[in-house]
Every structure is written in C-alpha cells, then in structure tokens.
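Working notes for the structure below.
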Amino acid sequence: MFQARTTSLRAATLKAMAAALTALLALQVLISEFIIGRSFRDLEDRIVQSKMQQTLKTLQNEIDALYGNVRDYAAWNPTYAFIEQRDLNFIDTNVTTDALLSIRASYIAFVAPTGDIVYARRQSVINGERLPIPADLLSFDGANALFLQVAAKNEGISGIIIVNNQPMLIAAHPILTSAGEGPSRGVLIIGRDLDANELARLSNITGYNLALALTNDVSSAPDFAMARQLMHRGAPVVVRPLSFAEDRIAGYAQIDDLRGGEGIILRIDLPRDIVQYGLAASRYHLLIVLVVTGAFAAVILLLIEQRVLARIISLSTQVAQIGRSGNGQARVTLTGNDEVTQLSDAINGMLDDLARSASRLTQSEARYRQLVEISPEAIIVHDGERIIYINPAGAHLLGHTDPSRLIGAAAAPFLPTTLRRETGDGVIRYERDLTLPDGGNVTLELVAAPFVAEGNSAWQVVARNITERKQTEEALRNARDLAEEANRAKSRFLANISHELRTPLTTIIGYADLITIAAQRGEFDRIQEDIARVRNAGKHLLAIINDLLDLSKIEAGRMEIHVAPFSVRTLTEEVVASMEAFAQSRQNTLRLEIDPTVGSMYSDEVRVRQVLYNLVHNACKFTENGRVTVSVARSDPAHSVRSNGHSAWITFTVSDTGIGMTDEQIARLFQEFTQADPSTMRKYGGTGLGLALSRRLARMLGGDITVTSKPGAGSVFVVTLPEQLAHVATTDSTPDDNGVSTPALPEPQGNQERKHLILLIDDDPAVRDLLSRALERPDLHIETAADGAGGLELARLLMPDLIILDILMPEIDGWTVLSELKTSSDTAAIPVILLTVADDVQRGILLGAAEMLNKPADLDRLERQIRLLLNQRANPAEAESKQALIVEDDDDVRDYLRRALARECPDWTIISVSDGQTALDHCTTGMPDGIVLDLTLPDMNGMQFIEALRMLPGGCSVPIIVVTAKELTLAEHDNLNQSVARILHKGMFHCNDFVHKVRSAIAAYAHLQPTKD
Amino acid sequence: MPRILIVEDDAAIRDLLARRLTMAGYDAIFAEDGVRAIMASVNAAPDLILMDMGLPILNGWQATERIKKRPETRHIPIIALTAYALSEDRYRALNIGCDDFEAKPIDFDRLIRKIEKLLAESSRQRETAA
C-alpha cells in the first residue's frame, strides 16, 4: 500500500516535469517559427523588393542612356539635312559600324514622317556584322505607328519592345536641327537587343543574377508561370523562394511592350542569407533552452528524490514495518533536521503516546479483569446463546470451580424469562429462578447491557443471588401479615373486652343506683337481692380482669408457678360443684368420673383449677339441654405417649354434647383474643381468653390441651398434665414464658433449736386451721387467736416474731388491732402481715403493716413474706442507719416511697428529690447507700442518670433500685439488669416488697464494702 | 301509660331496666332474643323498643332491621343498648335504623330523657298523620 503510493508519487513528479518541459519547448518552437521566422521573411521580402527596384532602375538607366544617344543623333543639323538631301555620305561618315558598336546599338532607322524608311540597318553588337532587319521593323503602320507620332508630336519615347520573340531596348526621337528646332523631318530610332550578353552585362552592373522570360511564353520556367499568376492578382513585384531547396529567394517584375501588349518578366535571385541565419540562430537558442531546462529539471528531480522522496519512502517503509511487527518499542530513524525529520520525530512521538496508552490500557484491563474475577457477583458475557466469558463467582453459582470450562456453554441460565424492566439505554433488569445442577433453586437478580463485540451483538450480565433476600422478604411479609393479623385481633379483642367489662358494670352501676333510690325511700324489701346481683356482676368482672391479668403476666413472662402437693379428686370435685348451678341454668347434666388410681398431684393447684374451671365452664356455656362429663385418669409413665421420662400423667377429659366446632374454628381456638367464631362471642359472651389462657397455663405446667370436635356433635377437651412437676424450666418452651420460674425461697436458718413464733389472729377457724397446717415447718411455730382482743393479749404475752392479722373480724377489727399493736412500744417492732379482702394499702402502710396479702391467702407468697420479715429481724445489721436517696418526679409516688421506707427503716436518713441533677449533686456531696430511681425524669432519663452516677467517685457500686411504669423492652431490661440491683414495676409491687428489696440491695452492697462500717 | 319493649338476654339488666322504667311510669314488657323481639313488636304494639345488640338467635342488628322493614312496626322508635361502645358501633346502629343509641353502662337519667323525647316525636307524627 505504502509502496504503491510512493511509486505513484515518483511517477507523478516525473510526469509533471516532462509535461512542463514539453510545454516550454513547444512554446519556444512556436515563438521561433511563427514570430521570429516570419519577421525574417518579411525583412527578406522587403530586401528583395528593393533590389528588384534597383535592378529596374538600372535597366531604365540603360534605356535613358540609349535615348540620350538617339537625341544626340536626331537633333543635329547634318541629320536634319540628311533627311532632306538623302546624302548617303552622311551615313558613311557619321553612322559607322564602330559608332554603333560604341553605343552597343544593334538597330538604327531613319524614318520619314510618312513612314518611309530613309535608312535602316541592323548589326551585331559584338562584331558589327550586318544582320537582316526583322520584318516587324520594316513598316511603321499598325503598332509601329507610335514611332511616327514621335515625329508628329515632336516628343521622343523609349522602352522595350519584343521583336521576333526577342526583347529589345528601344529609343526614338524626332529629327530636328541642332538647335532643336523644327519642323521635324522624321524620326530616328535606335534599338539594342536584350540578349544573354546584355543580361549578363546588367548582372554585372547590379551584382544580382538576372533572368527573363517573355510574358506570353513562360512555359519554359514554371516559377515564372507562378509569378505571372500572382502578378495578375495585382502584385507589382512578386517575391518567392526560387526552388524547393529554398536556399535562394527570387523577385519577379513585369515590363510591358512599349507599343502595348505583353512584354517580359524580369527575375532576380539572391541567396536567402537573412532568413537562414535567423532561423539558425533561433534553432540554436531553442537548443540551448532545451539543454538548460533539461539540466535544471534533472537537478530538481535529483534534489526532490534525495531530500524528500527517498526519505518519505524510507519513513513509510519503517512505519509499515512497525505496523506489521506490532513491536511497540520500535521507532523510525531518519537523519537530518528538516521537516521530514520533524515528521519522523512526530511519528515517534505518536508511537510513544501509543505505547504509553497501550500500556495504560493493559494495566487498566488487568485491573478490571481482577475486579471482575474477584467480584462476589456473577458476571457473564454471552452472545444470546453461548457464554463468552464467566467469572469465578458465576461458575460457582452454576456449581463449577473452573470458569474456563463454562466458556461456550449455554447462556440460558442467565437469559430473561418473563419479568423484565428496560431502562432507556437498552439495559434490562430482570429476575429469574434457576435450578442448579445439584437440584437447589435460587433466585437471581440480573442486569444485562448490550454491546457489540467484533461485529456481533452480545450482552454483559451481572447476576446476583437474591435467594436469601427473597426468603427474608417472604419471611418479613409473613411476619408483617402475622403482626397485622395480631393487631386486628387485638383491636377486636379490645372492642370485645370493652363490651365484656361494660356488661357487668351496667349491672353494678344500675343496681347501685337502685339501692341508692331504695335507701332514699326506705324500701328495703328487695335490697338483699340487688346487692347480691352487684356482687355477682363484680365477681364476673373480677374474673375477666383476672383472666386479663393472667394473660398479661404470661405475655410479659412474669407468671409465677407455685408448686405444691394437692388432691386431684378434691380439686376436681370442687370445680364441678362450683359449676353445678351454671350447668343447671342451661338444663345440662354435669357428671364426674374419677379413676380410682388418681391420687394427688405435685403442681400449681391454682392454675390447674383455673384450667379445669375454664374448660367445664365453656362446656356448660356452649351446651344446652345436654350433658357435660368430666373424667380424670392417670396414665403410667410406661404407657404414656407424652413421656418426659420421670412422671406419670393426669388426664382431665371434659366432653359435652353442645354445638361443637368446625376444623377451622378449632384451628383458631387457642389463639389469644379470638373465639372460634365472632358471632358466638356475641351469643355466648366471654373474653375469648379462657382457652388461650388455659393452654398457656397447661403448657407452663408441663402439659397441654387438645381438642376434638364436630359441629353439632359436641366437643372433647383433653388436658394432660404431669403428676409431678419437677423441673419448671422444662414446662414450656415458648419464648413468652421464659420469665417463668419458681422464686427462690430463703432457706430456713441452719439453727434448728430456735423456732420462729408466729401469731395468727383470725376469727375464721377454717383459715386458722389451713394456715396452721400450711405453715407447718420445722423452724416455725404457729399460735392462733380467734378474735382481736385475744390476739392483742397473746401478742403482748408472747411477743411473737411475726403477726398474721385478719382485718375483718367481729368486735375488734384488724385495723384496731394493728393500731393497738403499733402504738404499744412493746409490740411496735413486730412485723405484721395483714390478711384482707380490702385493698386499702395506704391505710395499712399508715398503720404500720409490714405486708398486706389478699384473702384467700396465697400460701407461697405468705411463706415468702414470712421468711423475708423473719430474716430482717434476724440480721439486725441491715437495720443500721443508712442513707437512701429517692429520685422520682411524681409527687405522690415519691411521698409514698419515702413514707414506706421511713416507716420500715426508722433509723435511715431518707432524701427524696424530683430530678436527676439534684440527685447527682447530692451524690457528689455524699454518696448514699442506695438509690431508688424512677426511669423517667424531667431532665434526663434513667440510663443517663446511671451513667453520670457511675462516673462519680464511689458511685460505681451504689445499689440502684429502679422503679418504673415504663414497659421495658428485652434489650432495655438486659441493659438495666447489668447496672442496677433491682427493677420494680409501678403498681406491681407491694410497699413491703419494695422496702425489703431496698434493704436487701443495700445489705448486699454493705457486704461488698465491709470497711465502710 | 306508654309501653316499652325491653329486648335483653341478661336477666339482671332486664330486671334493672324494668324496675327503672316502671318507676318512671312506663309499662315494661320483655323479650330475651331477636325472634321474640320481632314477635313482641307486632303482638304487643309497644310505643318504644330498647334493643340490646348482643342477642341470641337473631342479634339486635338483625332484629332492628326486620322491625324497621315491617310497615306496621316501622314507626316504633328503637334505642340501641349496647356494650359495644365504639363510635363505629354507634354509627352502625343509627345506620340500620335505630333512632338513638345508648352505651352500657346505662345512664338512666339520660336514657329516660331520650325515651321521652322519642315518644313525644312519635305521638306528634301520629297526630299529623291522623
């Protein structure tokens, strides 16, 4: 390619040079031929013409000289006389042969005016020999009459005449006297032959070659014929090259016969010196120009070849070689410092740039390749059918370790199936499912961009495995649906709860109004009945609230299980008996069947009773005019289906003949806040909590509830519980119940010799009996009193370690007893546990009770409280003077806490403040022994306060008892548990519990700091 | 003496309502479920109905709809009595044709004012119709 171009460059240069030279020469030739040559010919023409005139003038001079001779003879008296006398002597004397020879006359005639020839003679010009007179000159009539007119007119003539085809010079003059006077006696005529001699003589005179031809006879010489033709066109003198050789030029002129008629054509011829010299000079010039131009062109060509063409060709050859070899380091070499060298430098510069950019490109390519190779996303290049490239992540996705083995494999796994989104630049995004070779399914999210590779369209694809994300999304969606469903259920539940609370309240308020009215009117006849209705409605309300509380405890993980032995038979009989009236009100028969092997259980009696009660109540509620059967059986561990390896099972079966349930209803049966059917809720009432609560409780007790039912065919509920509940922690695995635990009871003191004396004052013998037996412990001794007066007396007498006091007693009630005890200095220090149905905590605290328990007494709780109070009395060190700081912004609560502490710990210094900063200031001046902290403070939250406190000197180990109304998240709970001693929930603790916790926390702190005391 | 039909399945509340209405000078009759309520509304021709919504067999909503559809009972004013006390329950009750709504627990003074007002309105309508 390069070679062809350079060749043509050379050829073009040569062609251009040749063309320019040719044009130049043509111009030169043109100039010499047409301008210089013509000029020379014009000059030659003029010269020939002037020489012709000169020749003609010489001829005229000859004629004039002849005429002079004639005049001399004619105007001479002897001649004049001769004519008169005709005396021939005259001829002999004067007209001798020699005389005629001297004037080279060849003819003389004396002619009388009549035309008679007086005398005539003709002789040779050379030797004078007489020659005959031509006939034409013998008479003078006709054309020759002209001569006679000479005499008549007395005027001479001269010229040329043609005689016998021979030209002759002739002159005639009238014959006169010597004086030139007439009358003329005739005419004298003298002639001279214009023969070859005469012509030669003229040639000698003029110096030119002369020739002549008769005008009417030019056939002898063709050039004369040509000249004659040209003369006929009007040219007086014709100039023409003489011959084909053109080395001579000829001039022609015509002289007519004196008498009229055709005469002669005279020719002179000359060598063509001027033209030939001129043309020769012109040709020499042309030659010189040719030579100079050729030399110049050769030099120019040489220069161009050497300085430009050869180097450019070399350059192009080198560049072509570099291009072919692909060697990025090769460079062109060229010496010199002209523009071509600069061009080569520029090419080298470009090659450098090219090499640098190629190097950059290589590095960049390597970097990007590395990126693609290590990318965790699958990256694939395909042409729509086959994989062109795939990175290790992509190969891994397809279950291969070597990506190169997948090149050429089908691209189908990465092609879009249906769902695709297109963005404006041709990039498409889509998702697709893919079945892997190992059978697994993954979901891919892909982005594909089209590009053109070597003329073929292809796609670059990035694929991401979003299976986990999809699963997470799915799980989240499910969770959200569940949460929304739960929320809806909760809303329904709230509406139902509102309904259920309002119904008994309607009764209570309504009858209270009626009783008020009755009291005003003094009509008491039905008042007992009305009060009973109020109480029943109140009980119902209480049941609902208890259900709610139980459920909320389970929800919050604070349900406690109190394990104790009890008789299954007794429990079941009691439940059935309590339900008898309700069953009858719906025309149901209630039957009880107890397997004789069933004895006692070691479980939480309260909860078992609750579960059983719920089931029997439900059975009666949803059955009308039917039968409800409760049966209890015991299964041996060996035969148990649900064996936990160490216990027999007690099975309670409650079957009815009621409305029954569909499978769908059963599925929703145990969910909180839902009844089997919302319409049955309206029909049968209820909180919708009973069964959910029952199942939760059963599971907490290590068992479960199952149900079988058919619509219209009744339902069978089966509760299976372990006979011995040994390990509470294994009872229920649901996360909600992780707070379930049996509180650790303080172990009895090691010293068995000293028994704690407890005084029980209650008017109810059953309670006295129950508590006496329930509190039968090796280290406890119970004394009882049946009324207030007896109790006071015994208290003063025995000085017991602890008093359990019933409030509702005839004559002297519990309040009176309590105040009596606390006002007497002997008994004031004895802790008193109040047993009451009235929830007047405030009054109890004011009067100095250590603890208040509701009737019927929770025996475990009672025992726990007894232990706590006895412990405190046994460890008087804890009662030493301490400083407690209460931080609480609510005035009432703060006052309540302060008074509770002050009453139980009279020696303590109690400081109460309402905000965090004041509390911190106190701590800076003197660190208290314990801090009671509300989590929500006006100026900072509890966590901030704790952090600030722990930064103070001595503040890192101060026990903190948190009191909060806030519902804590699990994380907050954990967080707090690490930094505080106790967390108490407002409204969920008794004041003595609170005091005890503060005390024990401070005591624990004191043990940690023994040097402080 | 205007006659008032009390539709209520809870015996205590039924008794309560009856005694308060009697005291206020009304003749109280009873129905325990939706079906009996409809029958009583026809047979006993009450001047006003106090309708509990949570009733057996046919609930209060269904009974009210039926009573308000019958030409001979359409004019009888109905006060919905329900422990479903949310505002949408109230709206729903009025929407199906109840003339007024009273949530439980019942404020008797207000209930009796509502009864008086509705009875006065219906007697005025009867007079203009006559």
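Below, chain A is the first sequence line, B the second, and so on; all start at residue 1.
Looking at A:Asn536, there are no atoms closer than 4.5 Å to chain B (heavy atoms on both sides), in backbone or side chain. Contacts of A:Leu505 with chain B are made by both backbone and side-chain atoms, with heavy-atom separations under 4.5 Å.
Of the inter-residue distances, the one linking A:Ile517 atom CD1 with A:Ile527 atom CD1 reads 11.0 Å to the nearest 0.5 angstrom. Atom CG of B:Asp100 sits about 10.0 Å away from atom CG of B:Leu81, to the nearest 0.5 Å.
A salt bridge links B:Lys104 and B:Asp52; the closest N-O separation between the charged side-chain nitrogens and carboxylate oxygens is under 4.0 Å.
For A:Arg586 (side chain) and A:Lys621 (main-chain N/O), a donor-acceptor pair under 3.5 Å exists by modelled atom type.
Note: A:Leu514 leads A:Leu514, A:Ile508, A:Ile509 in heavy-atom pairs under 4.5 Å with chain B.
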